[in-house]
Amino acid sequence: MRIGIIGAGLTGLAAAWDLSQEGHQVTIFEEAEKAGGLARGFTRSNWDWWLDEHYHHLFTSDRAMHNWLAELGLDQEIVLHDAQTKSLIGGQKYQLDSPLSLLKLPMLSWLDKLRVGVVLAFFKLLPTGQWLERFQTQQFLRLTMGSRAYRILWRSLMEGKFGDWASRVNLAWFWARIKARTKLLGYPEGGFQKLVEAVADCLTKNGVQICLSTPATRVYKQGRGWQVKSRRLAVTGRAEFDQVLITCSGQIFGELVPQLPVAYLQKVNQLKMLGAVTLVLELDQPFFDDGTYWLNICDDKWPFLAVVEHTNLIDRIHYGNRSLVYVGNYLPQNDARLSMTAPQLLKQYLPFLEKVSPSFASHLTNHWVFASRFAQPIVELNHSRILPTMTTPLSGLYWSSLQHVYPWDRGANYAVKAGRQVAQLIINKGIE
Ligand SMILES: Cc1cc2nc3c(=O)[nH]c(=O)nc-3n(C[C@H](O)[C@H](O)[C@H](O)COP(=O)(O)OP(=O)(O)OC[C@H]3O[C@@H](n4cnc5c(N)ncnc54)[C@H](O)[C@@H]3O)c2cc1C
């Protein structure tokens, strides 16, 4: 079969691998200059590794990714690191990544700690969590951990991330976050972009054609086949396929395929997403003085959610001996900060960053900003009832995206899993 895939993120790449392994003729259309989607990276002339535009790491529980890379012969590229995760509470940093560190937290009573520990252990041990979607995260955590522990540990993270939707996020989302988390973190040698390039090489060897800088503008059925339109396609501006897989967010999916039935489109449009904006700082000295990799900001007055010093996970030697720090935030899709320049964003963040690292600004050598409007699905109560399946009402058209990894939270591992799942559906169904 001739199969067109829209999007060269990890979902599209993973699907392309399985489809090409089965001997299908696969073409990927990607609007960006590089493959990788949200896991894309950039580099500089004096760096020998890529840096992800948005902070990334893997967990040891990310089995779909590890298995896939093993099949591609790329599993040796992932190296495990032990990194320090801390939380900023009341202006102080506290390590909060193990039961022992929880016990040391001074502002919680022993009873609070016991309740928090029991609830987290329950989620860790629970094998499946989708049934939890009938409960609200906030309500459940307040009730089980106690309102003080909830307020100190989780409220600002929930509200900072989900804003007005925080009270509607379902408990399956929280379960998935706790379940997947591991202390050891994996990171590909050379950065995620290097890994993506290695995957793209494997695909090309399998005969997959990857068309970069080629945005699809329309996908429509004509006769028994599917047409993908892009002004970057030579001669006719379109290409014909037997099946098409779209891996973009729901909004883009809806815009690309005008033939989607109205009732189905309404379902797609009900799915909500947050955008993400990441400020990247390059410094000639470390930002944190204690080797912290990840700092959660548990204070809702701060304009960002996390500060991540990448070079406390990966040696700065790979980046021209500079320290690299991400300042991350999730925002509603219409928020003006998603289109701010790096200097504008830094101006807003500066007084807060100085509270953690008072003289960092005098060591700043460069800064960049990366924004994505489609970064984090918002999963409300009983989300599975509104989530459309990967098969669509139009035969030969499939949709697999960040949304389809539910009840897991968005993640590179789950993108690979979703990509392989939809490839299997396409293979099993064949041409109708
Ligand atoms: C801030 C942030 C931090 C993250 N941290 C982690 C982490 O630590 N660990 C982890 O595992 N995951 C992390 N993730 C999530 C991970 O990056 C994603 O889950 C994964 O990359 C999603 O892959 P995807 O292919 O499903 O979607 P995407 O990566 O969004 O891919 C979709 C692709 O479609 C392309 N496209 C869109 N429209 C068109 C069009 N019209 N024509 C052609 N192409 C088009 C896009 O350019 C993109 O390349 C993070 C994400 C963000 C935003």
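Nothing here was measured: the structure is a model prediction, and the numbers come from that model. Read the numbers this way: they start at 1 and go in the same order the structure lists the ligands and their atoms.
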Practice item. Nearest heavy atom to atom 19 (O) of ligand 1 wins, so pick from A415, G411, G12. Key: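 Nearest heavy atom to atom 19 (O) of ligand 1 lies in G411.
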Review point. Hey, do the aromatic rings of F241 and W226 have their centres closer than 6.0 Å?
Key: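 Not under 6.0 Å, so no.
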Check your understanding: Are F192 and H56 close enough that their ring centres sit under 6.0 Å apart?
Key ->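 Judged by ring-centre distance (under 6.0 Å), F192 and H56 do meet the cut-off.
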Point to revise | Derivation of the salt bridge (Lys or Arg N to Asp or Glu O under 4.0 Å) call for R316 and E282 | key: CA-CA 11 Å; R316 67 210 292 270; E282 185 197 61; over 6 Å; no
Practice item. Give a yes-or-no answer on whether the side chains of N206 and S20 include a donor-acceptor pair shorter than 3.5 Å. Key: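 The answer is yes; a qualifying pair exists.
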Practice item. For T60 and T182, test the side chains for any donor-to-acceptor distance below 3.5 angstrom and give the result as yes or no. Key: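 The answer is yes; a qualifying pair exists.
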Report yes or no: does [X] have a heavy atom closer than 4.0 Å to ligand 1?
X	answer
R40	yes
Y330	yes
P215	yes

Check your understanding: In ligand 1, which numbered atoms sit nearer than 4.0 Å to a non-hydrogen atom of A375?
Key ->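 Once the distances to A375 are compared, the set is 53 (C).
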Which donor-acceptor pairs under 3.5 Å do side chains of residues 259-273 form with protein atoms, sequence neighbours excluded?
from : atom 1 : to   : atom 2 : distance (Å)
Q259 : OE1    : K221 : N      : 2.7
Q259 : NE2    : K221 : O      : 3.2
N269 : ND2    : L265 : O      : 3.4
K272 : NZ     : E380 : OE2    : 2.5

Distance-only N or O hit between ligand 1 and [X], under 3.5 Å:
X	answer
L256	no
T214	no
E31	yes

